[in-house]
Amino acid sequence: MMYPLVRELAAKDAPIRVPVTVTCRVLKLARQPYYRWLAEPVGDAELEEAYRANALFDAYTDDPEFGYRFLADEALDAGEPMADRTAWRICSDNGWWSAFGKKKARGKAKKPGPPVHDDLVKVALSTQGTSIEEMADQIATAVKGEFDEDVA
């Protein structure tokens, strides 16, 4: 959201004060929604969703192994009623998954492992005052002739 930036640039104590009209024009924003936001920065829907997310998070930290339906029931007991779909959306957006619900990735979706053959060269090279030939000599002595066998 760009409205806090507009407010910050138009502040009286800003080092370089930029009028709201100019800032909105440059950022391609309409002024009327900015002034509406300025009158009420946090809307009722955002505030209600924050309360619901807080209730879901409290239930999730107590029992992370249960899914969103159980969390919605716990939030209902805490005084924040919501539909199961709303609870799923909030949990999904925040990454609050059940400990048993998410399947492990298979195939190409896996995270990459450590680099292969990363331990071939275990030497600290210093590049200050050295030429390319000297660096090649350092690498060759560190590898101890592994590349000589491939050439022959």
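Note that this is a predicted model, so its numbers are computed, not measured. Positions are given from 1 along the sequence.
- Looking at Asp73, Ile90, Asp84 one by one, the single match for side chain to side chain contact (heavy atoms under 4.5 Å, CB included) with Tyr68 turns out to be Asp84.
- Between Ala14 and Leu9 the shortest heavy-atom distance is CB-O, 4.1 Å.
- Rounding to the nearest 0.5 Å places CG of Asn54 at 8.5 Å from CD of Glu80.
- Every residue two or more places apart in sequence or in another chain that forms a ring pair (Phe, Tyr, Trp, His ring centres under 6.0 Å) with Phe57 is listed here: Trp96.
- Leu27 pairs by the side chain to side chain contact (heavy atoms under 4.5 Å, CB included) definition with Met2, Leu5, Val6, Thr23, Leu29, not counting sequence neighbours.
- The backbone N or O of Gly67 sits nowhere less than 3.5 Å from a side-chain atom of Tyr60 that would complete a donor-acceptor pair.
- Note on Leu47: it does not cluster hydrophobically with Tyr3, by side-chain heavy-atom contacts below 4.5 Å among ILVMFWY residues.
- Leu71 and Trp97 sit in two unconnected hydrophobic clusters of ILVMFWY residues. Membership requires side-chain heavy atoms under 4.5 Å apart, directly or through other members.
- Residue Phe66 places its CZ atom among more than 12 non-hydrogen atoms of other residues, nucleotides or ligands, all under 6.0 Å distant.
- Heavy atoms only, all atoms of each residue included: Ala75 and Met82 are closest at CB-CE, 3.7 Å.
- When all heavy atoms of Leu56 and Cys91 are compared, the pair lying nearest together is CD1-SG, 4.2 Å.
- Closest non-hydrogen pair, Ser98 versus Glu65, comes out as OG-O, 2.7 Å.
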Next item on the list: Give the intermediate values and the outcome of side chain to side chain contact (heavy atoms under 4.5 Å, CB included) for residues Arg89 and Glu49.
Entry: CA-CA 11 Å; Arg89 183 181 51 77; Glu49 184 172 342; 3.2 Å; yes
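- At least one side-chain heavy atom of Glu40 sits less than 4.5 Å from a side-chain heavy atom of Asp44.
- Annotation: side chain to side chain contact (heavy atoms under 4.5 Å, CB included) contacts of Arg7 (sequence neighbours excluded): Pro4, Tyr34, Trp37, Leu38.
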